[in-house]
Structures are given as structure tokens and as C-alpha cells.
Amino acid sequence: MNEDGSPAGAARQVRVLAEAVAEIEGAAGAAAPRWVWASADSAYAPLLPVRVGRCHDLALVEALLCAHEGWFGAPRSLGAAWARLKGLPVPEDLPASADSGDQESLFAPDRLQLPPGVDALTAVVAVHADQVRRIAAIADAGQRNRFKLLVAAESAGGLVAAEMAYDGLPWRVDVHNALLTELLGPRPQIPGAIPQRLAELTVRLQEALGARPFNPDSHTQVIKAFGEAGLRLTSTRSWVVREIDHPAAEILIRYKELSRLHAAHGWAWQDAWVRGGRFRPEYVVGGVVSGRWAGRGGGALQIPRILRGAVVADPGWCLVVADAAQLEPRVLAALSRDAGLARTAAGGDLYEALAAAAFRGERDKAKLGLLGAMYGQTSGDIGPLLATLRRQYPAAMGYVEAAARTGEEGGIVRSVLGRPCPPPSAEWMDRAEQGRQDQAAEPDGVRDWAAARDGGRDGEGDAVGRSTRARGRFTRNFVIQSSASDWALVLLAMLRRRLTALEESASGRPHLVFFQHDEIIVHAPRDAAEAVVAAITASADEATRLVFGDTPVRLPMVPVVVDAYAEAK
DNA sequence: ATCTGGCACCTG
DNA sequence: CTCGCAGGTGCCAGAT
């Protein structure tokens with residue numbers, strides 16, 4: 001298709017789609033096409049391992065556009081987009097299906113949610129043309145070409161997510177098993193049975209309390225058993241339990257640690273999610289409102305540190321692990337164009353530089369203050385730190401405070417590339433309206449709307465203030481988290497392109513195997529490690545330029561070449 | 001028997 | 001991990 005969305009050539013029928021796609025990609029060289037499809041899940045996943053260079057993902061882009069147009073969480077299937085275009089009733093999205101996708105599913109009309117009789121190709125062409133028009137309208141409205149960059153990066157994210165789900169994260173079952181056996185005892189013969197070590201700890205816990213048998217997984221029973229032993233426990237949070245000076249507390253803590261490992265990442269988890277030496281989670285691009293990815297199944301985004309020793313490169317290969325250092329404060333410096341804060345973010349340790357400039361060298365205070373400013377913290381001894389920051393970095397603090405104010409007033413904020421935050425709920429708006437009326441009714445009440453957030457009032461007014469402040473903290477943090485996510489997504493897209501351009505060695509080509517907010521892992525043949533390191537740092541610089549333009553702020557990505565993920569930090 | 005909310009704890 | 005943002009998953013307990 002042409003850039004304006006019109007068809008660039010005649011439709012043709014192919015017998016084996018994957019072969020045809022590979023042929024077109026291989027022959028096109030630099031002029032490789034941008035594939036337009038309903039979604040990577042439906043169209044790209046079945047083609048793998050055939051790779052494409054770039055795409056326009058109608059579902060991901062539809063979601064971005066609808067959100068930008070004020071309809072958050074709108075159905076995003078091809079059929080839904082088509083229905084909006086034609087003024088038809090819009091079908092809800094189908095729940096995510098776990099099917100691995102055969103060739104048929106590409107054009108299966110029921111997956112695409114198109115009305116009977118509507119040809120998929122016709123719908124793709126029409127919806128794409130419409131999206132191109134809507135994107136151009138946003139660019140015209142003053143977002144320059146940044147939203148277009150977001151659309152391209154989000155689509156590229158769809159490719160990466162599908163590829164990583166296909167390739168999987170290298171996972172050594174033997175290392176994982178050795179760890180489980182060491183900590184929990186041998187794997188129970190009967191599936192679902194309680195491992196030896198957990199059973200022992202349960203008995204020891206009961207003995208230490210002099211209690212009848214109870215279930216240590218039950219908060220109610222634990223609190224009751226401790227109570228009967230004369231130990232007051234208000235909750236079973238581990239940091240609460242740790243305060244208690246009694247042998248039973250220690251045993252319970254240990255039980256909870258091991259029980260969690262067993263339940264969340266034990267043998268059952270391994271059976272379900274690890275196949276052929278690969279952990280295969282699904283990634284949900286844009287699954288978090290801020291644009292961060294979510295995971296589906298297996299807890300891809302919460303691999304506990306203790307298990308990272310099981311993530312090991314194949315023989316002859318290595319892992320290049322890279323994470324963005326102090327990403328969010330650097331993003332704030334770039335976003336707000338605060339000259340002073342930018343200076344602290346131009347080099348190595350941002351907090352160190354901040355401490356030297358404003359906190360008499362006290363790094364802890366510098367870090368605490370800046371994090372508190374970004375999250376909207378009010379409690380603790382943070383007041384003086386915030387005051388210092390406000391005085392020294394008025395532009396940066398003004399930026400987050402303006403975002404908070406917009407949220408408190410019920411408004412919408414956006415990421416640097418134009419991804420909007422969700423509007424407040426109807427309930428929130430009702431509460432806010434109630435708060436306004438209460439205030440107007442007060443004879444000597446402060447008329448200023450913002451007074452609601454200062455609390456100090458009882459009952460109803462307090463609840464209004466709380467929810468108002470919560471919304472402010474959300475939008476305050478949203479501008480930073482979502483812009484950081486924009487940057488990471490663009491970096492991912494740039495890196496994918498650079499990795500594809502690397503020469504394929506005898507053992508294969510480096511590929512992305514993990515992405516978690518501001519951290520990536522590339523699995524690479526050993527002799528390609530240096531090239532991958534260079535590709536990562538170059539991609540970070542490129543992403544900074546594309547997303548933030550001309551800024552003195554550095555957003556460094558720090559790569560480390562290792563055999564196992566656990567060695568990386 | 002199945003669903004849902006609360007709790008707890010893992011990640012950035 | 002209490003203080004302040006964003007998530008996922010598993011378990012229990014109570015409701016349906």
C-alpha cells in the first residue's frame with residue numbers, strides 16, 4: 001500500500017503464505033514493504049519463524065487512536081474498526097485465545113470479528129486508510145510526527161512480542177530442578193502433594209506454637225494460632241511477622257518464602273511454561289495503560305531473582321543483558337527541559353550529581369526526594385527535600401505538579417509521544433462533583449477547588465480529597481512512566497532492526513529473548529557479543545534523539561555479556 | 001461447584 | 001516492604 005493508504009498493487013493469491021512472505025522480504029532488500037495486518041497475533045505468529053522487517057498493526061494502532069480520540073479500552077479487532085468506520089454495531093473483543101495459530105486462522109472471519117460477507121482484504125485496506133487519515137489529523141493538531149513514531153514503535157513491539165513468544169527465553173530445567181530440590185526436597189511423586197520441606201516446616205510451626213494442626217497458607221488460621229500462643233499478629237505480611245521475637249515467626253517466614261517459590265515457580269509452573277529448554281510466556285503489547293507491556297501466563301514479568309540462575313545461554317552462545325540506569329528521573333529531566341536537572345542527568349550517576357548540586361552530597365536524600373516528587377509522596381520527612389527540589393529545579397517540579405493538577409481536575413495527560421492516560425471513572429467524576437457542591441454550600445468554605453486535596457475535613461469530604469489526590473498521583477506518575485515506556489519501545493524497535501542487520505553466523509543470529517519495562521536480554525552467538533553491545537548502546541542514543549530530540553540528557557543503556565541472567569546484577 | 005474480593009508477594 | 005506509581009499470580013474465605 002502507498003503511504004496514503006491506497007493499494008499499491010493488485011491483490012494476488014498465494015498458496016503457502018509464509019514462503020511468499022519470506023520471498024518478498026528476501027528480494028526487497030532496503031525497499032522492504034510495511035506489512036499491514038489485523039494483528040500480529042492473528043497474522044504474524046502463524047508465519048514464524050519467517051521474519052518481516054516492519055508492519056502496521058491495525059489492532060494496536062486502533063487502540064492508540066481510539067484512546068487518543070477519547071474512547072479508552074475500545075474494541076480493537078479488525079471487525080470492530082470496520083464497524084466504527086461503517087457506523088455498524090461494534091463487536092466486543094474476543095477473550096485472548098491460547099491457540100497456537102495455524103495458517104487458517106489468518107483469515108478466519110470469526111477471529112477477525114467481521115460481519116458475514118465482508119472480505120478481510122477489503123476491511124484491512126479500508127481500516128488502514130482510515131487510520132492513516134486519523135494519524136495525520138493528530139500530526140496536524142500539533143503533535144508533529146511524534147504520534148506517528150509511537151504508531152510505528154507500537155507495531156514493531158507487536159513483532160518483537162510475537163518473536164519472543166516464539167523463540168522463548170533460554171531456561172535450564174536441570175538448574176531449576178536442582179534449586180527446587182535443594183530448597184524444597186525431592187519433587188513429590190504425586191502431583192500436587194506437599195513437598196517434604198514444606199511439610200516439615202508446617203509441623204515445626206505447629207509445635208513451636210503448641211497449636212493443633214492448621215493451614216499455614218490461611219491468614220485467618222495463622223493469626224488465630226499465634227493469638228492462642230499469646231502472640232498478637234495483625235496481619236501475616238512477612239515484615240509484620242518479622243517483628244515478632246519468637247521461634248515460630250522465623251519458621252513462618254521461611255515457610256512463606258519456600259511456599260511462594262513452590263506455588264509460583266515450582267514444578268507445576270515448569271511443566272506448564274517450560275518446553276524444549278525455553279520459557280515461553282506471552283507478552284501483551286500496550287497491556288498497561290502507560291504503554292508498558294503486560295504478561296499473560298507464567299508471570300514473565302516477575303521472574304524472581306532467585307531463579308535467574310536458570311536463565312542460561314545455549315552452548316557457544318551468551319546473553320547480553322542491558323538495563324536503563326535511572327531511567328525515570330532522566331526522562332523527567334528530558335521531558336521538562338529543566339536545565340539544572342538535565343545537567344545532573346548528562347553523565348554517570350544522576351543521584352550522585354543531584355546530591356552534589358543540591359543535597360550537600362547526601363545521595364540518599366537526593367534519591368528519596370526525587371522519587372518522592374515523581375510518585376507524589378507526602379508522608380515521612382520528605383517535605384524539606386521537596387522544597388529544596390522545587391527551589392533548585394522549578395521547571396522539573398513544575399512539570400510533575402502541573403500533571404498532578406490536571407489529574408486532580410479530572411483532565412487527561414499524555415506521554416511524550418502522545419499516548420493518553422485513561423479518563424477518570426464516572427464514579428470519580430460524581431464524587432468530584434459532590435465535593436464541589438459541598439464546598440460551594442459551606443458558608444465560609446474555601447472556594448478554591450484545590451482545597452479539597454488538602455484534606456483536614458471529616459467523612460465525605462475526606463473521601464473526596466483522597467480520591468482526588470490519588471488521581472493526581474496517577475497522572476503525575478503517568479507522564480513519566482508512559483514517556484519512559486515510549487523511549488523503551490522505540491529503543492526496542494531500533495534494536496530489533498540493528499540485530500536483523502547483523503550478519504548471520506554459522507550458529508545463528510542474535511535475537512531478543514526478554515523485555516521488561518527498561519531491561520532487555522539478547523541471546524547471541526559468542527562471537528557476536530561485541531556487535532550486540534554496540535547495537536544496544538547505539539539504539540539507546542537513537543531512541544533518545546527520536547523521542548526527546550535535542551537534549552543534553554543521557555539515557556544510557558548498560559549492557560553486560562554473561563552466561564546466566566543471574567550474573568548480570 | 002464456581003466466581004469474586006482481599007491479601008500477600010514477585011517484578012520494574 | 002509499611003511511605004508513593006504500574007502490573008501478575010496463587011491462595012483462602014465467603015458469596016452465589
Side-chain angles (χ1 to χ4, degrees), chain A residues 96 192 194 198 214-224 233-243 252-253 255-266 268-269 272-273 281-308 322-329 331-332 367-383 385-386 400 403-404 407 413 415 419 421-422 466 469-485 487-488 514-521 565 569:
Chain A
I194 295 174
L198 289 179
F214 67 96
N215 180 358
D217 287 324
S218 162
H219 313 144
T220 325
Q221 292 177 38
V222 168
I223 289 169
K224 184 160 162 278
L233 203 55
T234 50
S235 90
T236 61
R237 286 182 181 89
S238 46
W239 60 268
V240 171
V241 176
R242 245 182 271 275
E243 311 250 298
L252 180 59
I253 296 288
Y255 175 87
K256 284 160 75 73
E257 284 168 3
L258 296 182
S259 164
R260 163 133 196 122
L261 176 67
H262 176 244
H265 288 98
W269 175 87
W273 297 104
E282 281 180 73
Y283 297 92
V284 185
V285 177
V288 180
V289 290
S290 63
R292 268 147 65 135
W293 291 11
R296 183 166 48 221
L301 274 48
Q302 27 184 133
I303 302 171
R305 288 177 176 277
I306 190 174
L307 282 186
R308 292 183 181 184
D323 79 325
Q326 305 162 332
L327 180 58
E328 297 199 342
V331 163
L332 172 58
K367 183 175 177 177
L368 198 67
L370 198 48
L371 288 173
M374 291 190 298
Y375 290 143
Q377 186 178 340
T378 52
S379 63
D381 300 329
I382 201 166
L385 304 183
L386 293 180
V400 288
V413 294
S415 75
R419 188 192 304 266
C421 77
R466 257 203 307 280
R469 287 190 298 273
R471 174 82 191 164
R473 285 194 301 272
F474 170 65
T475 50
R476 172 194 293 265
N477 185 254
F478 184 92
V479 291
I480 298 172
Q481 187 184 116
S482 64
S483 299
S485 142
W487 178 83
F514 191 62
F515 172 55
Q516 183 179 29
H517 312 321
D518 62 355
E519 183 178 16
I520 52 148
I521 303 181
Y565 187 17
K569 180 163 73 159

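Sequence lines set the chain letters: A, B, ... in the order given, protein chains first and strands last, and positions in each chain run from 1.
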- For B:dC7, take OP1 and OP2 only and decide whether either is under 4.0 Å from a side-chain N or O of A:T236. no
- Query: Once you round it to whole Å, what is the distance between P of B:dC9 and CG of A:L307?
  - Reply: 17 Å
- Message: Please report the distance, rounded to the nearest Å, between CZ in A:R237 and C1' in B:dC10.
- Response: 15 Å
- Message: Within the 4.0 Å heavy-atom criterion, would you say A:F478 contacts the bases, only the backbone, or no part of the nucleic acid?
- Response: nothing
- Query: What do the steps show when you test A:H517 against A:L301 for side-chain contact (heavy atoms from CB on, under 4.5 Å), and what is the final call?
  - Reply: CA-CA 9 Å; A:H517 312 321; A:L301 274 48; 3.6 Å; yes
- Item | Atom C1', compared across C:dT2 and B:dC7: separation rounded to whole Å | 15 Å
- Nearest-Å distance, NE2 (A:H517) to C1' (B:dT11)? 6 Å
- Query: Under 4.5 Å between any side-chain heavy atoms of A:L307 and A:L261, yes or no?
  - Reply: yes
- Task: Mind checking A:S218 for me? I need base, sugar-phosphate or nothing, with any heavy atom below 4.0 Å counting as a touch.
- Result: sugar-phosphate
- Look at all strands and tell whether A:G372 reaches a base, only sugar-phosphate, or nothing, counting heavy atoms closer than 4.0 Å. nothing
- Message: On DNA chain C, does the nearest nucleotide to A:G299 precede the nearest nucleotide to A:L371 from the 5' side, or the other way round? Give the residue.
- Response: A:L371
- Note on the structure: Scanning both residues in full, the closest heavy-atom pair of A:G286 with A:W293 reads N-CD1, 3.8 Å
- For atom NZ of A:K367, is the number of surrounding heavy atoms from other residues, nucleotides or ligands below 6.0 Å larger than 12? no
- Message: Do A:T236 and A:K256 make a side-chain contact, defined as non-hydrogen atoms from C-beta onward lying under 4.5 Å apart?
- Response: yes
- Just checking A:I480: base, sugar-phosphate only, or nothing, at a heavy-atom cut-off of under 4.0 Å? nothing
- Have a look at A:S235 and say if it touches a base, only the backbone sugar-phosphate, or nothing, with a 4.0 Å heavy-atom cut-off. sugar-phosphate
- Task: Looking at every strand, decide which applies to A:E328 at a 4.0 Å heavy-atom threshold: base, sugar-phosphate, or nothing.
- Result: nothing
- Query: When we call it a touch if two heavy atoms are under 4.0 Å apart, what does A:Q516 touch: a base, just sugar-phosphate, or nothing?
  - Reply: sugar-phosphate
- Message: Are A:I303 and A:Q516 packed together at the side-chain level, in the sense that at least one heavy-atom pair is separated by less than 4.5 angstrom?
- Response: no
- Taking the side chain from A:R292 and the backbone from A:D518, do they hold a donor-acceptor pair closer than 3.5 Å? no
- Task: Give one of base, sugar-phosphate or nothing for A:N215, where a contact means two heavy atoms less than 4.0 Å apart.
- Result: sugar-phosphate
- Task: Just call it for A:R242: base, sugar-phosphate, or nothing, with non-hydrogen atoms closer than 4.0 Å on any strand.
- Result: nothing
- Task: Specify the residue among A:G298 and A:R292 whose closest nucleotide of DNA chain C lies further upstream toward the 5′ end.
- Result: A:R292
- Item | Beyond-backbone contact of A:I253 with A:R242, side-chain heavy atoms, under 4.5 angstrom | yes
- Base, sugar-phosphate alone, or nothing: which one does A:R476 contact when heavy atoms must sit under 4.0 Å apart? nothing
- Rounded distance (Å) that lies between atom P of B:dG12 and atom CD1 of A:I520: 15 Å
- Task: For A:R473, report the nucleic acid contact type (base, sugar-phosphate, nothing); a contact means any heavy atom under 4.0 Å.
- Result: sugar-phosphate
- Respond yes when some side-chain nitrogen or oxygen of A:K256 is under 4.0 Å from OP1 or OP2 of B:dC9, and no when none is. yes
- Item | Rounded distance (Å) that lies between atom P of B:dC10 and atom CD1 of A:I306 | 10 Å
- Message: Need two values: the first and the last nucleotide of DNA chain C, 5' to 3', having an atom under 4.0 Å from any heavy-atom of chain A.
- Response: C:dC1 to C:dA13
- Message: Rounded to whole Å, how long is the line connecting atom CD1 of A:I521 with atom P of B:dG12?
- Response: 11 Å
- Message: Please report the distance, rounded to the nearest Å, between CD in A:Q326 and C1' in B:dG12.
- Response: 14 Å
- Task: Quote, to the nearest angstrom, the P distance that separates C:dC5 from C:dC1.
- Result: 14 Å
- Let me know the distance between NE2 of A:H265 and P of B:dC10, rounded to the nearest Å. 11 Å
- Task: Quick one: do A:Y255 and A:V222 satisfy side-chain contact (heavy atoms from CB on, under 4.5 Å)? Show the steps, please.
- Result: CA-CA 12 Å; A:Y255 175 87; A:V222 168; over 6 Å; no
- Message: So A:G287, base contact, sugar-phosphate only, or nothing? Heavy-atom distance under 4.0 Å.
- Response: nothing
